[in-house]
Amino acid sequence: MATARYIGGDAELSVLYRGTVVERGPVETVLADPVHPYTQCLLSAIPVLHGLERAGADRLVPTEPLDERTEPAGCLFAPRCPFAQESCTATRPELGHLGATAQEHACLYPTSRQVVAQAL
């Protein structure tokens, strides 16, 4: 994820979780304004260069470790998502444009969060 901006150029970036695309769009859009919680967790894991950057205000981590023994009926990321709601465990979202987002995503409640480190 940290190098996608430099090697991707004007291409599209697809973020996969358990073999399923959960967010897709122009590289710069997905990296600067991620709306799927898994993409946000990935970007939150990028180290912050102390003294040169400040951490994004909304950095987050998954709530649970991955359990590969079971596949949830609803959203694949719901068991680990810090924002999962009851409907997430029952409905598997399709990749598309739900809400006012520039990129496609597979999330019932897409929310832009500031997870990427900002230059000082």
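- The shortest side-chain heavy-atom distance between Asp58 and Gln40 does not fall under the 4.5 Å cut-off.
- Side-chain atoms of Tyr109 and Ser87 form a donor-acceptor pair, as typed in the model, at a separation below 3.5 Å.
- Remark: side-chain polar atoms of Thr89 are paired, donor with acceptor, to backbone N or O of Glu86 under 3.5 angstrom.
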**OP:** Given side chain to side chain contact (heavy atoms under 4.5 Å, CB included), test Leu66 with Tyr17 step by step and report yes or no.
**Re:** CA-CA 11 Å; Leu66 175 61; Tyr17 180 73; 3.3 Å; yes

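- Annotation: cation-pi pair Arg113/Phe83 present, NZ/CZ under 6.0 Å from the ring centroid and within 45° of its normal.
- For Leu42 against Val15, the heavy-atom pair with the smallest separation is CD1-CG1, 3.8 Å.
- A side chain to side chain contact (heavy atoms under 4.5 Å, CB included) with Phe77 holds for exactly one of Cys41, Pro72, Cys88, Cys107; it is Cys41.
- Side-chain contact check for Val116 versus Ile46: every heavy-atom pair is 4.5 Å or farther apart.
- The minimum heavy-atom distance between Val22 and Tyr38, with the atom names listed, is CG2-CD2, 4.2 Å.
- Test Gln103, His36, Glu104 against Arg24 for side chain to side chain donor-acceptor pair (under 3.5 Å) and you get one pass: Glu104.
- Ala117 and Val48 get closest at one heavy-atom pair: CB-CG2, 4.1 Å.
- Leu108 and Leu60 are members of different hydrophobic clusters when ILVMFWY side chains are connected at heavy-atom separations under 4.5 Å.
- Between Ala78 and Ala84, the closest heavy-atom pair is O-CB, 3.5 Å.
- Between the side chain of Glu23 and the backbone N or O of Val35 there is at least one donor-acceptor pair closer than 3.5 Å.
- One distance of note links CD of Gln114 with CG of Asp33; it measures 10.5 Å at 0.5 Å rounding.
- One hydrophobic cluster, built from ILVMFWY side chains closer than 4.5 Å, holds both Leu16 and Leu95.
- The backbone N or O of Thr63 lies less than 3.5 Å from no partner atom in the side chain of Arg80, so there is not a single donor-acceptor pair.
- Side-chain N or O atoms of Glu71 include none that pairs as donor or acceptor with a backbone N or O of Arg18 at under 3.5 Å.
- Although no hydrogens or angles enter the test, the distance criterion places a donor-acceptor pair under 3.5 Å between the side chain of Arg59 and the main chain of Ser44.
- Side chains of Leu120 and Arg54 form a contact here, defined as non-hydrogen atoms less than 4.5 Å apart.
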